[in-house]
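Start at 1 and go down the list; that is how both ligands and their atoms are numbered. Everything numeric in this text was worked out from a predicted model, so none of it was measured.
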Amino acid sequence: MHDIPTPAELGWSTHWHDVFAPHGARGLVAGRVVRGDRTSSLVAVAQGVVRAGTATRLLKAGEGRAMLPVVGDWVALSVPDGDGASLIEAVLPRRNAIVRGDAAGTAEVQALAANVDTVFVVHPIAAEPNLRRLERELSVAWGSGATPVVVLTKSDLSVDVEAALEAVATVAIGVEVVPVNGLDGASVAGLLGHVAAGRTAVLLGPSGAGKSTLINALLGEQRLATGGIREGDGRGRHTTVARELVGIPGHGVIIDTPGLRAIGLTGDEDGIALAFPDIEALAPSCRFRDCRHADEPDCAVREAVEAGALDPERLASWHKLQREHQVAAAKTDARARAEVHRQGRIMGRVIKDYHKRTGKP
Ligand SMILES: Nc1nc2c(ncn2[C@@H]2O[C@H](COP(=O)(O)OP(=O)(O)OP(=O)(O)O)[C@@H](O)[C@H]2O)c(=O)[nH]1
Ligand SMILES: [Mg+2]
Ligand SMILES: [Zn+2]
């Protein structure tokens, strides 16, 4: 087993101390989820790491999986004296979370990681950079309230790092872009500035991009499994299967994630505006204040495309993400309305019941 990071190294602070206090008064124990799957979590507490289930009450209340404990969450645990299982009784209110919607457009949302300061969006530069995917990931990252940083791996395999940097710079506006050789500790050390002690970073990006390799280089040891690349299409083999939080000695913590095929937008937060500051900057010059940059007259954004100042694919990408965001927002609203309706029905039953019992009208 590895050294257990101390609560301070895990990011424990006066904020969490205060939020946890009422749970502590009930005899619960504070911890941070360092690994989780559907049935149980590994939680780091002051004495070590314990496996814990989730209290049934939380599972029931967790309607929509976004509320259930995920890696990065601070939680309140009941730890029995005897043999029984530890249980997560409460998830402390998150400062933020990386939430993904379903790209297929259902209202299902899933938190990938909680209480995150930095999102490393990791892509290989060996292949042509996938700018549309980057725009999507940057929108999700900004939407979480964390700060994105683009990490371009495999600089050692790339013949033209400058060209890749230039291409990525057109979509990563106002975002730091760092090329690295993930196999070389010295090359990745510069990333530690984004993972100061007490801070949390998460790695997002396609399978095979080199996310786990990067963490191993930062640790200076082969702790996480890394995988080969499929011949033919150059994709990864989905080597990492669970999200896992790793402490970097003397620094903060990094969450490794399995490469996702697609990351959908949710309706909750609008990170699109932050990911597309070029379009945002043009919008005030459109004739209509609520211009959708579609078929309105005097649209400054479409004029920029016609003048060659804005890539038409970038505008198309913006439209696609906007639509996805709006569909998800409408579904979230529908679910919220259904919930109010359900509570109304329950309340009605309770009142009727009360009247029956008391004999009052
Ligand atoms: N040459 C070179 N190879 C790298 C670099 N980064 C990663 N690799 C290799 O790329 C392969 C995939 O790396 P992983 O770290 O497993 O990729 P991952 O992003 O964690 O992939 P998943 O866990 O499947 O999501 C491994 O064979 C690594 O050795 C790099 O900067 N240079
Ligand atoms: Mg991995
Ligand atoms: Zn417009």
Side-chain angles (χ1 to χ4, degrees), residues 35 71 100 112-113 119-127 129-130 133 137 150-159 161 164 178-191 201-219 221-231 233-246 254-263 272-273 276 278-307 309-310 312 314-316 318-319 322:
R35 191 182 160 108
V71 63
R100 78 153 162 169
L112 295 177
V119 178
F120 290 120
V121 178
V122 185
H123 280 245
I125 25 177
N130 185 342
R133 178 167 178 146
E137 287 163 345
V150 176
V151 181
L152 298 178
T153 58
K154 313 198 184 185
S155 62
D156 54 315
L157 300 179
S158 172
V159 283
V161 175
V178 190
V180 299
N181 170 3
L183 300 174
D184 174 14
S187 171
V188 301
L191 298 176
V202 64
L203 301 179
L204 287 186
S207 176
K211 299 180 294 298
S212 306
T213 301
L214 207 66
I215 296 185
N216 286 340
L218 291 171
L219 288 169
E221 63 173 284
Q222 301 302 310
R223 189 183 305 176
L224 301 176
T226 60
I229 301 294
R230 289 201 307 228
E231 279 187 39
D233 60 7
R235 289 178 192 229
R237 297 171 185 274
H238 293 279
T239 307
T240 302
V241 293
R243 298 186 287 269
E244 181 168 356
L245 184 148
V246 176
I254 303 193
I255 297 169
D256 192 16
T257 67
L260 297 169
R261 272 190 195 80
I263 183 159
I272 303 171
F276 289 83
D278 45 352
I279 292 180
E280 283 300 303
L282 288 165
S285 306
C286 296
R287 187 203 293 186
F288 298 110
R289 221 164 49 90
D290 60 350
C291 185
R292 288 167 297 117
H293 322 314
D295 44 19
E296 296 89 343
D298 294 330
C299 168
V301 175
R302 277 199 351 274
E303 277 164 17
V305 170
E306 275 148 36
L310 183 69
R314 184 152 165 85
L315 179 56
W318 182 87
H319 276 299
Q322 283 290 350

Looking only at heavy atoms, what is the nearest atom pair of C286 and A300, with distance?
SG-N, 3.4 Å

Taking distance alone, with N or O pairs closer than 3.5 Å, would you say T257 contacts ligand 1?
no

Determine whether any heavy atom of P206 lies closer than 4.0 Å to an atom of ligand 1.
yes

Please identify which atoms of ligand 1 are closer than 4.0 Å to at least one heavy atom of N181.
30 (C), 31 (O), 32 (N)

In terms of its nearest heavy atom to atom 12 (C) of ligand 1, the top option of G210, G227, A209, G259 is G227

What protein heavy atom sits nearest atom 24 (O) of ligand 1, and how far away is it?
S207 OG, 2.6 Å

List nothing but the number: protein N/O/S atoms under 2.8 Å from the Mg ion (ligand 2).
2

Is the shortest N/O to N/O distance between T240 and ligand 1 below 3.5 Å?
yes

What is the closest protein heavy atom to atom 29 (O) of ligand 1, and at what distance does it sit?
L183 CD2, 3.9 Å

Short list, please: which atoms of ligand 1 are under 4.0 Å from a heavy atom of L157?
1 (N)

Could you verify whether a donor N or O on one side chain and an acceptor N or O on the other, from S212 and T226, lie under 3.5 Å apart?
no

Would you call D295 and R302 a salt bridge, taking side-chain N to carboxylate O under 4.0 Å as the test?
no

Proximal protein heteroatoms (N, O or S) of the Zn ion (ligand 3), under 2.8 Å:
C286 SG, C291 SG, H293 ND1, C299 SG

Within the distance-only criterion (no hydrogens, no angle test), does the side chain of R243 pair as donor or acceptor with the backbone N or O of L112 below 3.5 angstrom?
yes

Pick from H238, K211, K154: the one approaching atom 10 (O) of ligand 1 most closely through a non-hydrogen atom:
K154

From atom 1 (N) of ligand 1, work out which of T239, D156, L152 has a heavy atom at the shortest distance.
D156

Between A113 and I255, which heavy-atom pair has the shortest distance, and what is it?
CB-CD1, 3.9 Å

